Amino acid sequence: MSWSRFLRRSRWDDERARELDAHLAIETDDNLARGMSPGEARDAARRKLGNATLVREEIYQMNTLTLVDGAWRDLKYGARLLRVNPAFAVVAILSLALGVGANAAIFQLLDAVRIRTLPVKNAEELVEIRIADPNGGRTGQFSGRRPSLTNPLWEQVRERQQVFSEAFVWASPAFDLTTGGEARSALGLWVSGDFFNGLGVPALIGRTLTSADDRRGCAAPPAVLSYGFWQREYAGSPSAIGRSIMLDGHSFDIVGVTPASFFGVEVGRSFDVAVPLCAEPLSRGPLTLMERKDGWFLGAIGRLKPGVTLDQARAQLASISAPTFQATLPSYRPEDAKHYLEFKLGAYPAGTGISQLRRQYESPLWLLLATTGLVLLIACANLANLMLARATAREREIAVRLAIGASRWRIVRQLLAESLLIAAIGSAAGAVLAQWLSRFMVGFLTTENNRIFVALTLDWRIFAFTAALGVLTCLIFGLVPAIRATSLAPGAAMKAGSRGSTDTRERFGMRRALVVAQVALSLVLLVGALLFVRSLRNLMTLDAGFRQDGILVVSMDLRHAGVPDDRRVALFADVNAKIGAVPGVTSAAQAMIVPVSGSGWNEYIVIDGKKYSDHVNFNAVSDGYFRTMGTPLLAGRDFDGREWPGAEKAAIVTELFAHKFFAGQDPIGKVFQVDEPPDRPKTIARIVGVVRDTKYTDLREEFTPLVFFAVSQNQHPDPFLQVVLRSSAPLATITSAVTSVVTQANSNIIVQFQTLPSMVRDSLMRERLMATLSGFFGALAGLIATIGLYGVMSYTVARRRNEIGIRMALGAGRRDVVRMVMREAGVLLIAGVLVGTALAIAAARTASTLLFGLHPGDPATLALAAGGLGLVAMLASYLPALRASRLEPTEALREE
Amino acid sequence: MPKRGKSPIQGELLQGTLDLLILKTLALGAAHGHTIAYAIEHRSEEVLQVEHGSLYPALHRLEDRGWISSFWGTSENNRRARYYRLTPAGKKQLTAQTNRWDEIVRAVNRILRPA
């Protein structure tokens, strides 16, 4: 028997029908020839042939792969049943899809961020080189995303190390593609010569960078593009090679493009253009960190030589540490120098890449994975419940079919087909959902200034695992009742199905337990969700010491403005004044550091010759800053233009500063000094005003003592200017007006805008992610549990129609019936809430570091979650209760 | 699915026999179902009455095993009819089955009429 004949069996059947017709015709002809009448002739021919349909059926069977044919029929029947009962189908499929999809999505992210190795040659041989445990801290200038080493330190390490076949450093600057006007930035990479060679990344076209490109003082260095940037900016044209690209106002020759899979060594960030490290002075100009022994801006990675272990590498790095740090000692204060000389270099596995994202999001992601794991459990419990209900409801149907001769295996097979159908559709929908959800999350985390790149691929193992869990649930809970039903004698089953007036406890216990578990688990998720939502709300509504609404931050890059150092202060004041004069701008002021932007500046202070070990934060602002930011001045005065470069340094301090260092005294007029390295003088600063405490780098931190200096007293500012302005005019109007006044002042200034509220929002990304996703999953879990409870209650009511009818006939009122049903639901609910509360208190501890202004066991949160869930669940059980109470006793009793 | 391989003699003797008779009939030349039925009846001197209906599953089975092949043709009285003919494999099969039949007949006879 062949497949082709199987697939064409209906054509074959037609052919047989024609053949049999021909046979009849010939026989009829013969009969006619024997002298029969036409009617007789046909009847006799038919008699002779026998049952033609039976013959055809016999042949059809011979052509059939019975199992396949049967399975196909079962699937069709299953699909029809699902269509007939769409509510069941939708709930079952959706709960499975959400459970599977959410897990696969979170795992996908976790895999990309934490688990997967870099897409480079033998990634497991890569180790990161950095200072092990830099306690006592490093001081100096920090810049970039992985400031592990200084360039002098790196050069020492490169010369002295013997355990790596290649070692290289990188830094991740942002390059400006424009030379004036509104900024357009590209994600850059400064890489040392062995970067591509060491990683084993070949060029897709052209070539990558080599150590020959990375020579000190390189003037026209080459650049390598990432695949994505090449596609975006050059439409993937090979002619891009040989062209030049302007980065930070300097021309670079494009020599190659990297493969699409390569995104650098930092997970969570990709790059657009890579240039040799020797180009750093071109971008930074006089601010270059290349020669600075306290300029921390490089990350370092080495590839272990064959046969060298991580421990051997550690030992060798430790042994070269003393001479390395000795040779690169910056002009530190004695106590910092002591720490510096005690530093040890360490080696850390880097096969999975280096990541900021990881440090920030690893624990939230694990937590979310646990959350989605619970969602899956709840979904499975729900599915189990649905399947149980369905199979039990069909016990009678099964009994009837058994009674009229269906085989047991035939019935089990059909139920199996239906379960598989649900599982398959649910899993497929889950896979789609996973893609969508993980992309949503990456999109959620990406901001204008922090483009997040994560290489997302669906992990088939985790998908298979979660899907298998769903399928198993379907099968077990769909089949167990079926098998039990089919093992009953049909007569008994039919009797049980129709005549029982109350339900048996034993069969129903499982469903009650499932509902209790669902309520408990979803309470855990709801508590978690509420904790995160309330943390976020605490952060959003706390008093930061400034009013963020209506504040626009204008960042200007004057590196190419061609303004000499000594004229910068005047130019800054001029630009500031022009921006302040733009119609619609209420006030504008310069600020070296904008709160919550993540940057900071701290020093130790000296009062009356006594050095304090408290960290004091600093900022430099112009007059009008406090008015613009809405920070109240509590005593003294604002800067007023008397702060000339040569005059005595004026300082405005915060309440906390005054309280900490001048407790019980009037701080106005008091003086302090900023601690400086031995070779620099300590200038005296006099306090002229006190302002309200404000948050500094982060909303989550406690208030810290904070000092504001006047920008006008910094004689040699860096060529970067930041102006904060307050305005109620539309954003677009203001930005275009500001851009035009700035470019009028100097057409080579690059301008960038950001609103303070958006900066604040971005700084709370993690909290927002947790609040959004846990809120979503919590609500989902609550919904699924409610559906489960509703299902169980409806089902109980349906099974107990007779009993309820009898009770009503005997005089029970409608209210008694409602109360009876609600009492039953209440017992389940209370059991679930009790178990859930205990679980939630235990589980919330794991999240305590992610909370703000809340205890993990916050009683109000617990009460709110339990109350909310309870209310919705009781409403859901009220419907079946109401339905039960509307039963006509006579009708209920008459039925069968 | 139809059972493959040599059919057991017991119980299905008749079916096996019908197959053998069809093969033998077709050894004389191509024929359609109606002709085959009558040929068997006629040549057995009406002893073997073939139920015409049961002939077709047998034909299908034989074709399925590749012992006969079929084509559409025109009958003596100008009707379209499906004709069957013996394939080379069928010829071999006929010889083998005829031998086996002889063996069985001899064996049965030895029991029924011991010499």
Side-chain angles (χ1 to χ4, degrees), chain A residues 1-36 38 41-73, chain B residues 1-5 7 12 14-16 18-19 22 25-26 30-42 44 46 48-85 87 89:
Chain A
M1 231 292 304
S2 67
W3 274 98
S4 67
R5 202 177 291 174
F6 167 62
L7 294 173
R8 291 165 53 208
R9 60 194 187 281
S10 50
R11 246 199 65 193
W12 265 89
D13 190 41
D14 287 346
E15 183 126 354
R16 287 302 157 192
R18 274 167 58 207
E19 185 174 6
L20 290 169
D21 282 346
H23 183 108
L24 275 178
I26 295 170
E27 177 73 10
T28 310
D29 286 350
D30 287 1
N31 284 345
L32 284 170
R34 283 181 202 121
M36 293 190 191
R42 193 166 309 118
D43 288 347
R46 288 226 174 92
R47 263 198 308 280
K48 190 92 182 172
L49 181 63
N51 187 337
T53 313
L54 216 61
V55 170
R56 273 166 57 196
E57 237 167 48
E58 194 180 327
I59 294 171
Y60 188 88
Q61 283 294 330
M62 286 161 72
N63 272 338
T64 299
L65 304 172
T66 323
L67 210 62
V68 177
D69 205 41
W72 176 242
R73 226 170 317 148
Chain B
M1 243 184 297
K3 290 199 178 79
R4 287 176 180 234
S7 323
E12 288 187 5
L14 252 174
Q15 187 197 323
L18 182 58
D19 289 359
I22 292 171
T25 310
L26 288 179
H32 54 74
H34 189 257
T35 316
I36 297 170
Y38 275 100
I40 292 171
E41 283 179 18
H42 182 69
S44 70
E46 319 293 329
L48 296 175
Q49 289 292 328
V50 180
E51 196 200 339
H52 291 196
S54 68
L55 191 65
Y56 286 95
L59 282 169
H60 182 79
R61 190 167 48 237
L62 292 175
E63 189 176 6
D64 203 35
R65 290 175 190 175
W67 296 341
I68 61 177
S69 61
S70 64
F71 59 95
W72 282 94
T74 310
S75 74
E76 319 66 72
N77 39 16
N78 256 335
R79 296 263 180 197
R80 295 282 293 162
R82 197 174 173 81
Y83 278 77
Y84 294 87
R85 78 159 83 80
T87 63

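Quick caveat, the model's predicted, so the values are computed rather than measured. Letters A, B, ... mirror the listed sequences (proteins, then strands); counts begin at 1.
- The only member of Glu19(A), Lys48(A), Glu27(A) that meets side chain to side chain donor-acceptor pair (under 3.5 Å) when paired with His34(B) is Glu27(A).
- Heavy atoms of Arg79(B) lying under 4.5 Å from chain A belong exclusively to its side chain.
- Interatomic distance, CD1 of Ile26(A) versus OG1 of Thr35(B), reported as 6.5 Å (0.5 Å rounding).
- Among all heavy-atom pairs drawn from Ala22(A) and Ala81(B), the shortest one is CB-CA, 4.3 Å.
- Proximity of Arg18(A) to Trp72(B): side-chain heavy atoms (C-beta onward) are separated by under 4.5 Å at one or more points.
- To the nearest 0.5 Å, the span separating NE2 on His60(B) from CZ on Arg56(A) amounts to 13.5 Å.
- Atom CZ of Arg80(B) is surrounded by more than 12 heavy atoms from other residues, nucleotides or ligands within 6.0 Å.
- In this structure, the separation between OG on Ser75(B) and NE2 on His23(A) is 12.0 Å, given to the nearest 0.5 Å.
- Ranked by heavy-atom pairs under 4.5 Å with chain B, the first of Asp29(A), Asn51(A), Asp30(A) is Asp29(A).
- With a 4.5 angstrom heavy-atom cutoff, Arg16(A) touches chain B only via side-chain atoms.
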